[in-house]
Amino acid sequence: MDASVNCPNCRTTNPLGAAVCRACGAALMAPSTAVTAPDLPPLPSTNMATTLVESRSAAVFEAGRAAWLLSSGYYTDLGRERKSNEDSLLVVEMDRVNLSAANPLGLYVVADGMGGQAAGEVASGLVVSTIARAAHDDLFAKYLGGVLAETYIGSWMKSAIAVANNAVVSRRAADHNNMGSTLVMAVVFGSAAYLAHAGDSRAYYLPSDGELERVTGDHSLVEQLVRSGQITAAEARTHPKRSVIYRTMGEKEDVEADTHMLELAPGDRLVLCSDGLNGMIEDDQIAAIIRAAASPAQAARRLVAAANAGGGRDNITAIVVDTSSL
């Protein structure tokens, strides 16, 4: 049998005297220092090869500072005057790390059901469950397969919203009622946030070094009156027509959601909420609560508590999303 040496990396058998492994290219030990398997010391309880790989990866993360982290908190509450909670929400976050680069994906949805006894909670539940299924079948599959492109997210959102709208339209016709739902959703991929909304549920953006920005514009009668200068924002809060919304999920066979895109930086936060939140507290109070909170979960809970303290006339839902880098 010809003399040979096993590669210490992949264990491939190589001719004695070879400098590198013919299979993986790893350096081979010189004949004078080679030892046979029976002379090797026992392996330690911790796998040294695994330890070295993990340490190297951590060092790459630390040196590159290119990895993004997503964290979020959410809270929903009945409020002080309603008998049931017609709000629904969806939060899904995942991370796929390859070549020491993390590019997280987050999907966030708030849906505020309308219809009262006509099952508004059914409509909002249909919206979030249908979007969740659409994400599972397409968006998440592409992401986990490493083929999700940023240019695709906008078209996926429009398609998912259309399918969710049709689900509510069909259920509304079958049940012979006027159920419907608002929608505000965000897909965060890497450092970009893609948002869409229909109705008066809102999205806010709080940069780490700036002022709170309201990203969405309500599809409501009072919002149109404010924009035209006929009433003030303060008057809109108590206007008798403040609940009139002209664009909702399930009302028509086609719904046109407004879309937005934001570039995020570490420390920025997004807030998605139903009108039970912003209808009870002012935007500057929302900003102050978010800034003072130690975590997204604490921020969401405190926002809902403030809305209840302000009257709690409606169901209240808040999702707070935080971005950071390693």
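We use all heavy atoms of the structure for the numbers below, so side chains are in, but hydrogens, waters and symmetry mates are not. The shown structure was predicted, so the numbers you read here are calculated from the model rather than taken from an experiment.
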Check: Short question: side chain of Asn103, backbone of Phe189 - any donor-acceptor pair under 3.5 Å?
Finding: no
Margin query: Check whether Asp77 reaches the backbone of Ala305 with its side chain - one donor and one acceptor, N or O, closer than 3.5 Å.
Written below: no
Note to self: Counting only heavy atoms not in Glu81 (residues, nucleotides, ligands), do more than 12 fall under 6.0 Å from its CD?
What the structure shows: yes
Next item on the list: With rounding to the nearest 0.5 Å, note down the distance linking CG in Leu277 to CG in Leu303.
Entry: 5.5 Å
Check: If you measure from CG on Asn166 to CG on Asp254, what distance do you get to the nearest 0.5 Å?
Finding: 7.5 Å
Next item on the list: Name all residues meeting the side-chain hydrogen bond (donor to acceptor under 3.5 Å, both in side chains) criterion together with Ser72; count only those two or more places apart in sequence or in a different chain, and write none if there are none.
Entry: Glu93
Item checked: Donor-acceptor pair, side chain of Asn315 and main chain of Glu86, under 3.5 angstrom -> yes
Next item on the list: May I ask whether Val127 and Val169 are part of the same hydrophobic cluster, defined by side-chain heavy atoms of I, L, V, M, F, W, Y residues being less than 4.5 angstrom apart, directly or through others?
Entry: no
Checklist line | Nearest heavy-atom neighbours spanning Ala196 and Ile161 | finding: CB-CD1, 3.7 Å
Check: Would you say the side-chain atoms of Asp268 pair up with the backbone N or O of Ser208, donor to acceptor, closer than 3.5 Å?
Finding: yes
Next item on the list: Answer whether the closest heavy-atom distance between the side chains of Ile319 and Val110 falls below 4.5 Å.
Entry: yes
Checklist line | Crowding at OH, Tyr74 (>12 non-hydrogen neighbours, <6.0 Å) | finding: no
Check: Mind checking whether Met94 and Tyr194 sit in one hydrophobic cluster, side chains of I, L, V, M, F, W, Y counted as touching below 4.5 Å?
Finding: yes
Margin query: Would you say that Tyr152 contacts Asp138 through its side chain, given a criterion of any heavy-atom pair below 4.5 Å between the two side chains?
Written below: yes
Item checked: Positive for side chain to side chain donor-acceptor pair (under 3.5 Å) with Tyr204, one of Thr216, Asp283, Asn278 -> Asp283
Note to self: Counting only heavy atoms from other residues, nucleotides and ligands, does the tally under 6.0 Å from CG of Asp137 exceed 12?
What the structure shows: yes
Note to self: Quick one, Ile131 and Leu107 - any side-chain contact, counting heavy atoms below 4.5 Å?
What the structure shows: yes
Next item on the list: List the steps, then state whether side-chain contact (heavy atoms from CB on, under 4.5 Å) holds for Leu212 with Val271.
Entry: CA-CA 10 Å; Leu212 183 74; Val271 178; 5.6 Å; no
Item checked: Closest approach of Met249 to Val168 (non-hydrogen atoms, all atoms of both residues) -> O-CG1, 3.8 Å
Next item on the list: Work out which heavy atom in Ser88 is nearest to a heavy atom in Ser124; give both atom names and the distance.
Entry: OG-OG, 2.8 Å
Checklist line | Pairwise side-chain contact, Leu195 with Tyr205, heavy-atom cut-off 4.5 Å (strictly under) | finding: no
Notebook entry, point to check: CG of Asp322 to CG of Leu264: how many Å apart, nearest 0.5 Å?
Noted result: 10.5 Å
Checklist line | Test side-chain contact (heavy atoms from CB on, under 4.5 Å) applied to Val184 and Arg202, step by step | finding: CA-CA 6 Å; Val184 60; Arg202 292 182 179 181; over 6 Å; no
Next item on the list: Tell me, with the steps shown, if Thr76 and Thr317 meet side chain to side chain donor-acceptor pair (under 3.5 Å).
Entry: CA-CA 4 Å; Thr76 187; Thr317 298; 2.7 Å; yes
Notebook entry, point to check: Quick one: OG1 on Thr323 to CG on Leu70, what's the gap to the nearest 0.5 Å?
Noted result: 7.5 Å
Notebook entry, point to check: Under a 4.5 Å cut-off applied to non-hydrogen side-chain atoms, are Val122 and Arg171 in contact?
Noted result: yes
Margin query: Is there a continuous path of hydrophobic side-chain contacts, each under 4.5 Å between heavy atoms, that joins Met261 to Leu148?
Written below: yes
Next item on the list: Locate the shortest heavy-atom distance separating Ala160 from Ala134; write the atom from each residue and the value.
Entry: CB-CB, 4.0 Å
Next item on the list: For the pair Arg313 (side chain) and Met280 (backbone), establish whether a donor and an acceptor sit closer than 3.5 Å, ignoring hydrogens and angles.
Entry: no
Next item on the list: For the pair Thr182 (side chain) and Asp112 (backbone), establish whether a donor and an acceptor sit closer than 3.5 Å, ignoring hydrogens and angles.
Entry: yes
Next item on the list: Could you verify whether a donor N or O on one side chain and an acceptor N or O on the other, from Ser274 and Asp314, lie under 3.5 Å apart?
Entry: no
Check: From Ile290 CD1 over to Leu206 CG, what is the distance, rounded to the nearest 0.5 angstrom?
Finding: 5.5 Å
Note to self: Does the plane of the ring in His219 sit parallel, tilted or perpendicular to the ring in His197? Use 30° and 60° as the thresholds.
What the structure shows: parallel
Note to self: Strictly distance-based, threshold 3.5 Å: is any side-chain N or O of Ser170 a donor or acceptor partner for the main-chain N or O of Ala167?
What the structure shows: no
Next item on the list: Check whether any side-chain heavy atom of Val109 sits under 4.5 Å from a side-chain heavy atom of Leu183, and report yes or no.
Entry: yes
Notebook entry, point to check: How long is the gap from OG1 on Thr259 to CD1 on Ile153, to the nearest 0.5 Å?
Noted result: 12.5 Å
Checklist line | Leu144 backbone acceptor or donor facing Arg96 side chain under 3.5 Å | finding: yes
Note to self: Minimum heavy-atom separation for Val255 and Ala198, please, with both atom names.
What the structure shows: CG2-CB, 4.2 Å
Next item on the list: Look at the side-chain heavy atoms of Ile, Leu, Val, Met, Phe, Trp and Tyr, link any pair under 4.5 Å apart, and say whether Ile316 and Leu78 land in one connected group.
Entry: no
Notebook entry, point to check: Under a 4.5 Å cut-off applied to non-hydrogen side-chain atoms, are Ser191 and Glu263 in contact?
Noted result: yes
Checklist line | SB check Arg291 Glu211 (cutoff 4.0 Å) | finding: yes
Check: Between Ser129 (side chain) and Leu126 (backbone), is there a donor-acceptor pair under 3.5 Å?
Finding: yes
Next item on the list: Name all pairs fulfilling the ring-ring contact (aromatic ring centres under 6.0 Å, His included) condition that reach into residues 153-181, sequence neighbours left out, sorted by first residue then second.
Entry: none
Check: Does atom CZ of Arg247 have more than 12 heavy-atom neighbours from other groups under 6.0 Å away?
Finding: yes
Item checked: Glu251 side chain reached by Arg172 side chain, heavy atoms, under 4.5 Å -> yes
Next item on the list: Mind running side-chain contact (heavy atoms from CB on, under 4.5 Å) on Tyr143 and Asp95 for me, showing each step along the way?
Entry: CA-CA 9 Å; Tyr143 173 76; Asp95 210 345; 3.8 Å; yes
Checklist line | For the student: nearest non-hydrogen atoms of Leu270 and Ala193, plus distance | finding: CD1-CB, 3.9 Å
